[in-house]
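Report on the following structure.
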2 protein chains.
Amino acid sequence: MAAQRGEGETTTTPLEPADRERARAIPEAAVARLAVYLRVLSGMADQGVTAVSSEELSQAAGVNAAKLRKDLSYIGSYGTRGVGYDVEVLVSHIERILGLTRNHSVAVVGIGNLGHALANYGGFPGRGFPVTALFDVDADLIGVPVGGIPVSHIDDITAVCLEREVSIGVIATPPPAAQSVCDRLVSAGVQCILNFAPVVLQVPDNVEVRKVDLAVEMQILSFHVARRADEAASVSVGNNGLGVDGMVIRP
Amino acid sequence: MAAQRGEGETTTTPLEPADRERARAIPEAAVARLAVYLRVLSGMADQGVTAVSSEELSQAAGVNAAKLRKDLSYIGSYGTRGVGYDVEVLVSHIERILGLTRNHSVAVVGIGNLGHALANYGGFPGRGFPVTALFDVDADLIGVPVGGIPVSHIDDITAVCLEREVSIGVIATPPPAAQSVCDRLVSAGVQCILNFAPVVLQVPDNVEVRKVDLAVEMQILSFHVARRADEAASVSVGNNGLGVDGMVIRP
DNA sequence: TACCGCTTGTGAACGCATGCACAAAGTCGG
DNA sequence: CCGACTTTGTGCATGCGTTCACAAGCGGTA
């Protein structure tokens, strides 16, 4: 069924066979950085910048220059030695590799605080990710337009997703509902899911899940706060031989 | 100044020297997974489960069992061979390593759609991350309580953050404001920042930044959609010798 | 007490990603 | 047209993270 849906639409800027093999070989980490480069480059293009060196671009993107060049080499050699890269050219090649020449219709499930924020988020449509469907269980919400799209009932997920050719599902439901919503999205043919619920989703192999987990992010930061505090404490141990609470610590 | 602030508060469950060295050595990737294990374990504890094996836990967390054991070994040996792990014990040790025995006061800057969602997000306070300050520039918002906390003006960021001992700053502003907000947070002594704005923040070495970038996540998914479509196309090439648009492709 | 089966903890091998350093290749000035 | 300078593209070494495989250790059982 996924194949059926795809078949009628693959008229989109087809990748050359050479590019196709390249795309397969791009490391996941590099893909994430390419997206960042793309944004930086777009910003530069908007400001009228036409050329950029790996050094400049890498600084703006906050990465090592060599790494940036290697990342770009994964998608081909589009720079000019001694000069740098043409911003426009780079933008269009990154967009092509990332599949941004095609629009990816997005469905948001769970129209709570976060769902509202996502539905209204201006960054999506502008970048080729039109939100075309919203879902919730709350009867009071059904039919109410949020960000211009009326909310559908979650039971209609399969029909609506198929009809609107949704390719990316965003889960913004409470944790208990997430797995069930995920299953429904999958059976509606959605193969890419962005999960905001703090739950580990179980999906078949052919479905790609990325998760955004606020609690985990906070706890990673917390770990670093604690590590810092400990380092500070270690220093004070070195200074006076006393632990943080005044007890002597063996060397 | 960070040291000053920390000094009066380091009465929190001090890490033993041995643990301190361990904490320094834990790989970043493992820290992120520990947070996930913690959530899964908490859920198990709530359901009355008292013991768990690495196999069970790894399945629930969606990772390899060996990796899980190695991750846990970074924080010490708290399992029993032949039996498994005590859920309570594991929870308390992970919490200690992640620094969750201490409360981390959070400030949210930018009370738009996302800021509202974050301020109202129930997952924070419950897990030791009380939101204690909200900031915005919009005069209409100042003083209005959101999620129980009145919004302060962004110009008061330094004073308010110092007063409420904010240790984590969350940036949910439009992109152009992000760097300036970040600078103000840093000068207010905040050393950990969670950034939702699609901007690469420049910060001093002693500040930890984690970013949540929706556009990047979507584009990574888009890349996978494109790769899949290409693979499907490749298969059809193998079947009939024709490319996606009917042109013959050399083998 | 001695054995058996089970699960942890970890040494070692592997693979991926990062960073260095330099040759290749282009531009620009003379 | 040539040489000097600049910047890309990449082979190679290094380090980190993952995975495997197995010895060590514990509880249960006879």
Side-chain angles (χ1 to χ4, degrees), chain A residues 18-19 21-37 40-41 44 49-91 93-94 97 216 220 223, chain B residues 18-19 21-37 41 44 49-91 93-94 97 220 223:
Chain A
D19 287 338
E21 283 167 35
R22 272 206 200 94
R24 225 185 302 278
I26 302 180
E28 187 79 13
V31 174
R33 285 190 299 266
L34 282 172
V36 175
Y37 306 154
V40 174
L41 286 165
M44 286 177 170
V49 180
T50 59
V52 67
S53 74
S54 65
E55 186 60 40
E56 295 170 282
L57 184 51
S58 70
Q59 286 221 343
V63 302
N64 182 294
K67 196 193 296 189
L68 177 134
R69 289 200 298 274
K70 182 147 288 197
D71 288 345
L72 292 182
S73 81
Y74 289 129
I75 66 173
S77 304
Y78 302 115
T80 308
R81 297 174 189 225
V83 178
Y85 300 90
D86 182 290
V87 174
E88 296 281 349
V89 170
L90 221 44
V91 165
H93 280 108
I94 296 178
I97 290 288
V216 167
I220 294 172
F223 171 78
Chain B
D19 286 338
E21 283 166 39
R22 272 205 200 95
R24 225 186 301 276
I26 303 180
E28 186 80 13
V31 173
R33 285 190 299 265
L34 282 171
V36 174
Y37 305 153
L41 286 165
M44 287 176 169
V49 179
T50 59
V52 68
S53 73
S54 64
E55 186 60 38
E56 295 170 281
L57 184 51
S58 70
Q59 286 219 344
V63 303
N64 182 295
K67 194 193 294 191
L68 178 135
R69 288 201 299 275
K70 179 143 287 196
D71 288 345
L72 292 182
S73 80
Y74 290 129
I75 67 173
S77 304
Y78 302 114
T80 308
R81 296 174 190 228
V83 179
Y85 301 90
D86 183 290
V87 173
E88 296 281 349
V89 170
L90 221 44
V91 165
H93 280 108
I94 296 178
I97 290 288
I220 294 172
F223 171 78

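Numbers restart at 1 for each chain; the letters A, B, ... are given by sequence-line order, proteins then strands.
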Donor-acceptor contacts, no H, no angles, side chain residues 27-35 of chain B, under 3.5 Å, sequence neighbours left out:
| unit_1 | atom_1 | unit_2 | atom_2 | d |
| --- | --- | --- | --- | --- |
| B:Glu28 | OE1 | A:His224 | NE2 | 3.3 |
| B:Glu28 | OE2 | B:Arg210 | NH1 | 3.2 |
| B:Arg33 | NE | B:Asp71 | OD2 | 2.6 |
| B:Arg33 | NH2 | B:Asp71 | OD1 | 3.0 |
| B:Arg33 | NH2 | B:Asp71 | OD2 | 3.4 |

Listed pairs under 3.5 Å, donor-acceptor, residues 57-64 of chain A side chains, sequence neighbours left out:
| unit_1 | atom_1 | unit_2 | atom_2 | d |
| --- | --- | --- | --- | --- |
| A:Ser58 | OG | A:Ser54 | O | 3.1 |
| A:Ser58 | OG | A:Glu55 | O | 2.8 |
| A:Asn64 | OD1 | A:Ala66 | N | 2.6 |
| A:Asn64 | OD1 | A:Lys67 | N | 3.3 |

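For the residue pair B:Tyr37 and B:Ile94, the shortest heavy atom distance occurs at CB-CD1, 4.2 Å. Annotation for B:Ile97 and A:Phe223: closest pair O-CD1, 3.3 Å, computed over non-hydrogen atoms. Closest of all the heavy-atom pairs between B:Ser73 and B:Lys70 is OG-O, 2.7 Å.
Taking the side-chain contact (heavy atoms from CB on, under 4.5 Å) definition, one finds that B:Val89 meets it with B:Tyr78, B:Asp86, B:His93, sequence neighbours left out. With sequence neighbours excluded, the residues satisfying side-chain contact (heavy atoms from CB on, under 4.5 Å) with B:Val49 are B:Met44, B:Val87.
Along DNA chain D, the nucleotide nearest to A:Gly82 and the one nearest to A:Leu72 differ in position, and the one closer to the 5' end is contacted by A:Gly82. Mapped onto DNA chain C by nearest heavy atom, B:Val83 and A:Val83 fall at different nucleotides, with B:Val83 at the one closer to the 5' end.
The phosphate of C:dG9 has OP1 or OP2 within less than 4.0 Å of a side-chain N or O from B:Tyr85.
Below the 3.5 angstrom threshold, one finds a donor paired with an acceptor across the side chain of B:Arg81 and the base of C:dT8.
Put simply, CG on A:Asp71 is 10 Å from P on C:dG19, counting in whole angstrom units.
Side-chain contact between B:Thr80 and B:Tyr85 is absent, with no heavy-atom pair separated by less than 4.5 Å.
Of the residues in residues 54-70 of chain A, those lying under 4.0 Å from DNA chain D by heavy-atom distance are A:Ser54, A:Arg69, A:Lys70.
Taking 4.0 Å as the cutoff to heavy atoms of chain B, we find the contact window on DNA chain D bounded by D:dG17 to D:dG27.
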